Colleague: 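If you scroll down you'll find the structure; I have some questions about it.
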2 protein chains.
Amino acid sequence: MNEDRESQCSAAVAEALQVIESKWAFQVISQLYYGSQRFNQLRRSVGEISVKSLTDVLRHLERMQVVHRHVFPTIPVSVEYSLTDKGKEYRKVLLQMREWGEKWTALT
Amino acid sequence: MNEDRESQCSAAVAEALQVIESKWAFQVISQLYYGSQRFNQLRRSVGEISVKSLTDVLRHLERMQVVHRHVFPTIPVSVEYSLTDKGKEYRKVLLQMREWGEKWTALT
DNA sequence: CAGGATCCAGCAAGATACTG
DNA sequence: CAGTATCTTGCTGGATCCTG
């Protein structure tokens, strides 16, 4: 039986799903495709997101190794967020979504 | 400026994201790849899902035209759920997720 | 500036009981 | 069988205040 294969596949998809589990994740990732951004900068460009939500999603993406956090010891400190290679390659998933979305929304 | 292009792209991705917005959607869709299933049948194969949650996600997927609902006027009635063409093609997205997931979880 | 801590409202989602 | 209706609750996520 190929239950192992099954569950492995599910696990892989689950991992990908986790990335965008938060409703803000997609927007954050999209913004970071334009280049690294600082916290408040990101906050503004994303739009109506609370401090808590942004930190939450950033911590989440950081743990998933999709986003990298770089602290500059200036005064006051500044922190830059950028996509890791893993994060950059997630674009493929998003592009596939876009392709699907465009195909099926076109013929409403 | 290409803001239109931008927002169109976002909308397309948003559409795709909506499909799996519910945490059960992925499981339901996966099950339906095996073929159409009836309500309680689906309930059992998905696992620990409440009646409400299952009806909710099915209604949602139905409105997104990802799932088709077919009622057989037997006594008692039986209802079969299956994937539409739009739903079947969503597999591409899932496969892309799987590919990404497998690549990056392999090297933990 | 970049968050940590806390408080609270609102909704998601489960359990349960009932129906055509 | 395939739901609907209702009640209840746990957790999400926003607002606010505070700190290194």
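Source: prediction; values computed, not measured. Here is the naming used below: chain letters follow the sequence lines, and residue numbers restart at 1 for every chain.
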Colleague: Tell me whether the side-chain N/O atoms of R69(A) come closer than 4.0 Å to OP1 or OP2 in dG3(C).
Modeller: yes
Colleague: Check this one for me: any side-chain N or O of R59(A) less than 4.0 Å away from OP1 or OP2 of dG4(C)?
Modeller: yes
Colleague: Give the minimum heavy-atom separation between V13(B) and L94(A), together with the two atoms involved.
Modeller: CG2-O, 3.8 Å
Colleague: What is the distance from atom CZ of R91(B) to atom CG of L83(B), rounded to the nearest 0.5 Å?
Modeller: 9.5 Å
Colleague: Using the test salt bridge (charged side-chain N to carboxylate O under 4.0 Å, His left out), find all partners of K23(B) that sit at least two apart in sequence or belong to another chain.
Modeller: none
Colleague: Does Y81(A) place a side-chain N or O at less than 4.0 Å from the phosphate oxygens OP1/OP2 of dC1(C)?
Modeller: no
Colleague: How do F39(B) and I49(A) order along DNA chain D: which one's closest nucleotide is nearer the 5' end?
Modeller: F39(B)
Colleague: Over how many whole Å does the gap from E80(B) atom CD to dG3(D) atom C1' extend?
Modeller: 16 Å
Colleague: Measuring from the side chain of V79(A) (C-beta onward, heavy atoms only), which nucleotide among dG3(C), dT4(D), dA2(D) has the closest atom?
Modeller: dG3(C)
Colleague: Round to a whole Å and report the spacing from CD of Q37(B) to P of dA2(D).
Modeller: 11 Å
Colleague: Specify the separation, in whole Å, of atom CG of L54(B) and atom P of dC1(D).
Modeller: 14 Å
Colleague: Using a strict 4.0 Å threshold on nitrogen-to-oxygen distance, state whether R98(A) and E102(A) make a salt bridge.
Modeller: yes
Colleague: Do the numbers put R38(A) on top of the ring of Y81(A), so that NZ or CZ is under 6.0 Å from the six-membered ring centre and no more than 45° off the axis?
Modeller: no
Colleague: Quick check: does any side chain N or O of K86(A) sit under 3.5 Å from a backbone N or O of W100(B), one acting as donor and the other as acceptor?
Modeller: no
Colleague: Salt-bridged, E15(B) to K103(A), with N to O below 4.0 Å?
Modeller: no
Colleague: Without decimals, in angstroms, what is the distance between H60(B) NE2 and dG3(D) P?
Modeller: 17 Å
Colleague: With a 4.0 Å cutoff (strictly under), does any side-chain N or O of R38(A) reach OP1 or OP2 of dC1(C)?
Modeller: no
Colleague: L58(A) has an atom CG; how far is it from atom C1' of dC1(C), in whole Å?
Modeller: 14 Å
Colleague: Of all the heavy-atom pairs spanning S22(B) and V57(B), show the shortest one and how long it is.
Modeller: OG-CG2, 3.7 Å
Colleague: L32(B) and side chain to side chain contact (heavy atoms under 4.5 Å, CB included): which partner among L61(B), V67(B), T84(B)?
Modeller: V67(B)
Colleague: Show the distances under 3.5 angstrom between N or O atoms of the protein and N or O atoms of nucleotides 9-13 of chain D.
Modeller:
{"residue": "dG13(D)", "atom": "N7", "partner": "K52(A)", "partner atom": "NZ", "Å": "3.2"}

Colleague: How many whole angstroms separate atom CZ of R43(B) from atom P of dC1(D)?
Modeller: 10 Å
Colleague: Taking atom P of dA2(D) as reference, at what distance in whole Å does atom CZ of F72(B) sit?
Modeller: 11 Å
Colleague: Would you list the protein and nucleotides 18-20 of chain C atom pairs, both N or O, that sit under 3.5 Å from each other?
Modeller:
none

